[in-house]
Amino acid sequence: MLALSTWKHGFKPNQVVFDSISSGGSALDAVEAGARVCEADETCMSVGKGGIPDELGLVTLDASIMDHNGNCGAVSFVQGYSHPISIARRVMEVSPHVMLTGAGAERFAHEQGFMTEELLTDASRALYEKWKARPSGLKVRLRHSEESENEYVFEYEEDGIKKELDRTALSTNGSHDTIGLLARDKNGLLAGACTTSGLAFKQHGRVGDSPIIGAGLYVDGNTAAAVATGNGELVMRACSSYHIVEQIRNGVEITQTLQNALDRINNDKHLTDDMQIGLLVIRADGKWGAASIRGGFQFVVASDTMSNTLHQCNGFDFHPAQ
Ligand code: ASP
């Protein structure tokens, strides 16, 4: 059995995934349950309730889920529902489609009995107000402070020098970025899930890689499951999850598939040094790997031989596949 999740905020969800498969649950149920933990956690400001809003102050969510049989479901640009992963699963199970978006996805969610709620929290609203009040025309980037995980920094660049516009202390769990979860259950079956509020203050209407099957997530039960996090446009252009799985199908070793996926992303002419991509993969036989284009990508692993543990990719490299 194996559970992998992206980022430090994957710690709790990954434990939920592993507990679920340990007690005989399916990989599919487990990744959905894990994703829901993060979606409900208001201190996780990049997923579900409490997610950082778009440029209009609206929280718009993307999610996808896929099982070992190639069944998949996704929703994008969903507002007012805190568990897009479960709506995505419902799309997979009761609709003839793979993906629903915006008002159509919300209408479907309502028909399926999902309840709406306010997703903007005091903390995410406060960040939005600060972002909105930045000097006009100034391009700022939101990042966690290096000194304190509970602080966000609005950073900008002037004459090639990085400067801070503002700091905001928040009671967060130090989380950022999408959560992607992969699992291999007792029966050796694979599944994956990916859920996000997308890039902070994104353009209204923007959809990232997370709900795009083959970009943010891809599973082939006989081959591998892969998930991506980071600047979604890079992942979408490279179809990274599909790229990884397809190489494994063709017999390429995990480490080499990850290197090839990183190479493709690194060749993207839109790549800038403030962007990050993290990739996770589980092969059908249970071997796994992780990679990122630069340091700082954290992920969580739980397996038969390893209790739930936080790992880190150290700069432009990959974690040795087991
Ligand atoms: N991949 C997500 C997106 O582009 C964001 C992230 O993982 O940080 O929407």
Side-chain angles (χ1 to χ4, degrees), residues 1-41 44 46-48 61-75 82-93 98-99 175 177-196 209-229 240-242 244-245 278-284 286 288-290 299-304 306 308:
M1 286 175 298
L2 177 64
L4 296 185
S5 299
T6 58
W7 303 113
K8 194 175 172 185
H9 58 262
F11 197 79
K12 246 192 279 172
N14 206 60
Q15 186 66 59
V16 167
V17 174
F18 196 71
D19 289 347
S20 169
I21 51 181
S22 299
S23 57
S26 71
L28 184 68
D29 286 342
V31 292
E32 182 190 3
R36 287 178 64 92
V37 171
C38 205
E39 288 175 338
D41 180 355
C44 180
S46 52
V47 177
L61 305 177
D62 300 334
S64 62
I65 192 161
M66 191 160 187
D67 74 8
H68 66 283
N69 272 328
N71 298 309
C72 50
V75 290
S82 59
H83 291 298
I85 198 66
S86 296
I87 308 174
R89 182 166 179 180
R90 207 64 72 82
V91 171
M92 170 175 114
E93 290 179 340
V98 166
M99 186 172 196
S175 60
D177 297 295
T178 299
I179 185 162
L181 312 102
L182 301 176
R184 182 175 184 271
D185 64 25
K186 271 191 175 159
N187 297 316
L189 302 180
L190 298 174
C194 194
T195 178
T196 190
D209 59 315
S210 306
I212 308 296
I213 299 299
L217 175 70
Y218 197 70
V219 180
D220 174 338
N222 296 318
T223 308
V227 75
T229 178
S240 301
S241 295
Y242 182 75
I244 291 168
V245 173
L279 305 168
L280 298 177
V281 57
I282 301 179
R283 208 166 63 179
W288 62 271
F299 60 97
V300 188
V301 185
S303 72
D304 296 322
M306 195 190 296
N308 208 39

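- Using a 4.5 Å heavy-atom cutoff, the side chains of Leu182 and Leu217 are in contact.
- Rounding to the nearest 0.5 angstrom, the gap separating the SG atom in Cys38 from the NZ atom in Lys12 is 9.0 Å.
- The shortest non-hydrogen separation linking Ala215 to Ala228 is O-CB, 4.0 Å.
- Distance check, rounded to the nearest 0.5 Å: CD1 of Ile282 to CG of Leu2 gives 4.0 Å.
- Note that OG of Ser303 is 8.0 Å distant from CH2 of Trp288, once rounded to the nearest 0.5 Å.
- Salt-bridge formation is detected for the pair Arg89/Asp29: a Lys NZ or Arg NE/NH1/NH2 atom is positioned less than 4.0 Å from an Asp or Glu carboxylate oxygen.
- Contact record, Ala193 with Ala35: CB-CB, 4.5 Å, taken as the closest heavy-atom pair.
- In this structure a side-chain-to-backbone donor-acceptor pair under 3.5 Å is present from Lys186 to Ser22.
- For the pair His9 (side chain) and Asp177 (backbone), a donor-acceptor distance under 3.5 Å is present.
- Closest non-hydrogen pair, Leu190 versus Arg283, comes out as CD2-O, 4.4 Å.
- A donor-acceptor contact shorter than 3.5 Å links the side chain of Thr6 to the backbone of Thr178.
- Atom-to-atom distance recorded for Phe18:CZ and Leu181:CG is 14.5 Å, nearest 0.5 angstrom.
- The side-chain heavy atoms of Val91 and Met99, taken from C-beta on, include no pair separated by under 4.5 Å.
- A side-chain donor-acceptor contact under 3.5 Å links Ser23 to the backbone of Asp19.
- Distance alone, capped at 3.5 Å, places no donor-acceptor pair between the Thr223 side chain and the Val245 backbone.
- Using a 4.5 Å heavy-atom threshold, the side chains of Leu28 and Met92 count as touching.
- Between the Asn187 side chain and the Leu189 main chain, no donor and acceptor come within less than 3.5 Å of each other.
- Between Val47 and Ile179, the closest heavy-atom pair is CG2-N, 3.8 Å.
- Residues Ile65 and Ile85 are in side-chain contact: their nearest non-hydrogen atoms beyond the backbone lie under 4.5 Å apart.
- Atom CG of Asp67 sits about 12.0 Å away from atom CD of Glu32, to the nearest 0.5 Å.
- Proximity of Ile213 to Val98: side-chain heavy atoms (C-beta onward) are separated by under 4.5 Å at one or more points.
- Once rounded to the nearest 0.5 Å, the distance linking CG of Asn14 with CG of Asn308 reads 4.5 Å.
- Between Ala27 and Ala183, the closest heavy-atom pair is CB-O, 3.7 Å.
- The two residues Ala88 and Ser64 come nearest to each other via the heavy atoms CB-CA, 4.3 Å.
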